[in-house]
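A quick write-up on the structure given underneath.
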Amino acid sequence: MEIVTRFAPSPTGYLHIGGIRTAIFSWAYAKKNKGKFILRIEDTDMERSTPEAVETIKAGMEWLKLDHDGDIIYQTHRIERYKELIKLLIKQGDAYYCYTSKKELDQLREIQLKEGKKPKYDGRWRPEKNKELPEAPNNIKPVIRFKTPKDGEIRWKDMVKGEIVVQNEELDDLIIARSDGTPTYNFCVVVDDWDMKVTHVIRGDDHLNNTPRQINLLKALNAPLPEYAHLSMILANDGQKLSKRYGAASVMKYRDDGYLPEAVINYLARLGWSHGDEEIFSADQLSEWFDFDHVTSSAAQFDQEKLDWINNHYIKNTATEKLADLIKPKLIDNQVKVIDGQVLNSAIKLYQDREKNMNTFSEDILFFFKQVQPSEELKNKYLDENSKSLVSICIDGLEQQTWTNENVNNFLKEFVKKQEIKFPEIAMPLRTIIAGTDNTPSIGSIIFVIGVKETKKRISSFLG
RNA sequence: GACCCCAUCGUCUAGAGGCCUAGGACACCUGGUUUUCAUCCAGGCAACAGGGGUUCGACUCCCCUUGGGGUCGCCA
């Protein structure tokens, strides 16, 4: 049988890292088994679903190259199908109309909670043998409830949590159609997974409590049961739930914050899954190695520092041209008018080993394209009369050189000898003037890339 | 409150009863390389939540306690 997985987000907010990791695992499991990976938008909540959120989901999936099979499925396009099956359940006697108002339900919940009980619908409209139902009020539009079995238990072997048992008496008769006739989540999921032949339902463990309800529904529909895998949550680095300001933001925020998609995939996949001691792996490798035997059942904390480390790894190992394409727009955002491709490539090569983020990367090499003023603190630290005159002598000598990287660096070494100074005594003032900072790679190489003309220009404007 | 899930270094994890003197990675610390910073290299610190069982033997299996998380919507 062909393995079919799906990612089924609801377009009501951001697609955050927890959601994305679910998508990654579902994608990887389908790939690994040469199966299908479906993207389904669960937009039955018209109030909260937005087209923008749909776009965010698409953009995020595309950025991470999590390609799905077939067209995107929208639940709102399938309403008729759900209604048809709801009718069937009513006909079978597995569903019934309930006229309890929201207000009454709220009161019921309140009382039950006060009594220390689990809030549950009390089944007052549930048809039963020899039971007299109340007169249906004509001022209330009924919802449709599913007749959950009263006895017995639901049991399944979860692919990550193992054996799970829930007593049916813990469950109540869930609403499958609202009073306006529209179907609700638990019902739509069941119908879709069945119709789409989903074999493995992979989702966050916040859905764990929905699973027994869904299994009951599936049984009533006489549909086959899929396998279930409930992934543990991702927690913020303080051990708390992900919040908007921490991690729950759109995945696209990670792109905007300077992360490479390869790094995000790698980090998230490693968070909660392992392949021995492997820390660095590509999406392709993931799709070859992925299995549920090595998915952790406990929640994991998100660690930005490790993400940064992985991001640095990918920056170090990404082709210069590709990095250049990513950096160019950022330079333009920083008011750089003309970008010399050669200079950009050289700057990237000089810097890529040390960068853990594409944004700081582009900021760090900004000075190649436009003069960056050092802080007063830096000026005071490195630029006194003595060092200024050294810089002045140095640039005069530099002008005489045949312009190669080697020559520039050799000249600086000779200069230090001649002047009987230590290297930093000339390197730091030069860094301050040319780069506007005291942290740079080889200053000789930087001067070489920037060119003698520009170097002299910056020095002259500085020395006045 | 009820129900469900979870529990190895600060963090992510390896671990399928003897391979464990508990391994790797991030972070941190020390040293080396370096022209500053970073990269890189070498080394170091650091954990089986507690208590009972089962067993010749338990990080691993069972139970309890404790702690954390989730769910209890005409949301998904």
Side-chain angles (χ1 to χ4, degrees), chain A residues 8-13 42-45 47-49 75 98 100-102 105-106 109 112-120 141-145 158 160-162 164-167 169-172 174-182 184-186 188-189 203-212 230 232-233 235 237 239-241 267 270-280 293-294 296-310 312 316 351-356 364 382 409 412-413 416 422-428 430-432 437-444:
Chain A
S10 64
T12 52
E42 311 224 318
D43 53 356
T44 50
D45 183 356
E47 304 262 305
R48 300 196 308 150
S49 296
Q75 288 190 323
C98 166
T100 315
S101 68
K102 283 186 197 180
L105 286 173
D106 287 343
R109 250 192 297 277
Q112 289 169 326
L113 229 33
K114 212 178 271 173
E115 288 173 355
K117 287 188 197 147
K118 185 171 177 168
K120 268 170 67 175
K141 279 193 170 173
V143 297
I144 299 171
R145 287 185 185 268
D158 196 89
V160 347
K161 306 272 187 191
I164 296 178
V165 186
V166 178
Q167 301 304 315
E169 61 181 351
E170 294 295 335
L171 275 23
D172 64 0
L174 68 151
I175 292 170
I176 56 177
R178 303 181 181 93
S179 47
D180 65 3
T182 58
T184 59
Y185 166 76
N186 278 108
C188 300
V189 167
R203 53 170 44 151
D205 72 1
D206 47 336
H207 285 290
L208 209 48
N209 296 282
N210 285 324
T211 304
H230 287 94
S232 291
M233 311 264 85
L235 274 24
N237 70 164
Q240 297 299 298
K241 208 177 160 180
Y267 175 71
R270 186 66 183 77
L271 191 64
W273 173 79
S274 62
H275 186 257
D277 288 338
E278 306 284 350
E279 295 290 344
I280 299 293
D293 294 343
H294 295 88
T296 355
S297 42
S298 55
Q301 282 182 222
F302 186 85
D303 181 5
Q304 174 121 10
E305 278 171 337
K306 187 151 182 188
L307 208 211
D308 285 344
W309 173 75
I310 291 182
N312 167 257
K316 279 191 289 201
Y351 272 79
Q352 76 186 118
D353 277 357
R354 57 207 292 129
E355 298 293 345
K356 49 175 69 162
D364 285 347
Y382 297 115
N409 276 295
L412 288 177
K413 276 179 202 149
V416 165
K422 294 241 193 286
F423 205 98
E425 289 179 62
I426 185 64
M428 297 317 261
L430 283 172
R431 283 194 171 95
T432 304
T437 168
D438 56 352
N439 297 342
T440 79
S442 157
I443 186 63

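Hydrogens, waters and symmetry mates are skipped; everything else that's a heavy atom, side chains included, is used. Each chain gets a letter, A, B and so on, in the order the sequences are listed, and its residues count up from 1. What you are looking at is a predicted structure, and each value in this text was computed from that prediction instead of being measured.
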Handout entry: Any donor-acceptor N/O pair, A:T296 side chain to A:S298 backbone, under 3.5 Å
Key = no
Handout entry: Side-chain N,O (A:S274) to OP1/OP2 (B:A14) below 4.0 Å
Key = yes
Exercise for the section: Mark yes or no for whether A:Q112, through its side chain, and A:K120, through its backbone, hold a donor-acceptor pair below 3.5 Å. Expected result: yes
Practice task
Would you kindly check whether a donor in the side chain of A:R431 faces an acceptor in the base of B:U35, or vice versa, at under 3.5 angstrom?
Solution key: yes
Practice task
Using only heavy-atom distances, decide whether a donor-acceptor pair under 3.5 angstrom links the side-chain of A:D277 to the base of B:G23.
Solution key: yes
Handout entry: Given B:C26, B:U71, B:U13, the nucleotide with the shortest approach to the side chain of A:A300
Key = B:U13
Exercise for the section: Give one of base, sugar-phosphate or nothing for A:T296, where a contact means two heavy atoms less than 4.0 Å apart. Expected result: sugar-phosphate
Exercise for the section: Compare side-chain N and O positions of A:S442 against OP1 and OP2 of B:U35 and report whether any pair is under 4.0 Å apart. Expected result: no
Exercise for the section: May I ask which nucleotide in the shown strands pairs with B:A2, Watson-Crick or G-U wobble, both distances under 3.5 Å? Expected result: B:U71
Exercise for the section: Quick one: label A:N209 by what it contacts on the DNA or RNA (base, sugar-phosphate, nothing), any heavy atom closer than 4.0 Å. Expected result: base
Practice task
May I ask you to verify if any side-chain N or O of A:H294 is less than 4.0 angstrom from the OP1 or OP2 atom of B:G15?
Solution key: yes
Practice task
If B:U55 has a Watson-Crick or G-U wobble mate with both distances under 3.5 Å, name it; if not, just say none.
Solution key: none
Practice task
For B:C40, take OP1 and OP2 only and decide whether either is under 4.0 Å from a side-chain N or O of A:K316.
Solution key: yes
Practice task
Could you please name the option among B:A27, B:C12, B:A7 that lies closest to any side-chain atom of A:S297?
Solution key: B:A7
Exercise for the section: Please examine the side chains of A:I426 and A:V416, heavy atoms only from C-beta on, and report whether any two atoms are closer than 4.5 Å. Expected result: yes
Exercise for the section: Examine the base of B:G24 for any acceptor or donor lying under 3.5 Å from a partner atom in the side chain of A:E279, and report the outcome as yes or no. Expected result: yes
Practice task
Compare all side-chain heavy atoms of A:L171 with those of A:P212 and state whether any distance is below 4.5 angstrom.
Solution key: yes
Exercise for the section: For B:U11 and B:G53, measure between their P atoms and round to the nearest Å. Expected result: 30 Å
Problem - A:R270 side chain near B:U13 phosphate (N/O to OP1/OP2, under 4.0 Å) - result: no
Exercise for the section: Under a 3.5 Å limit for both distances, which nucleotide forms a Watson-Crick or G-U wobble pair with B:G43, could you say? Expected result: B:C29
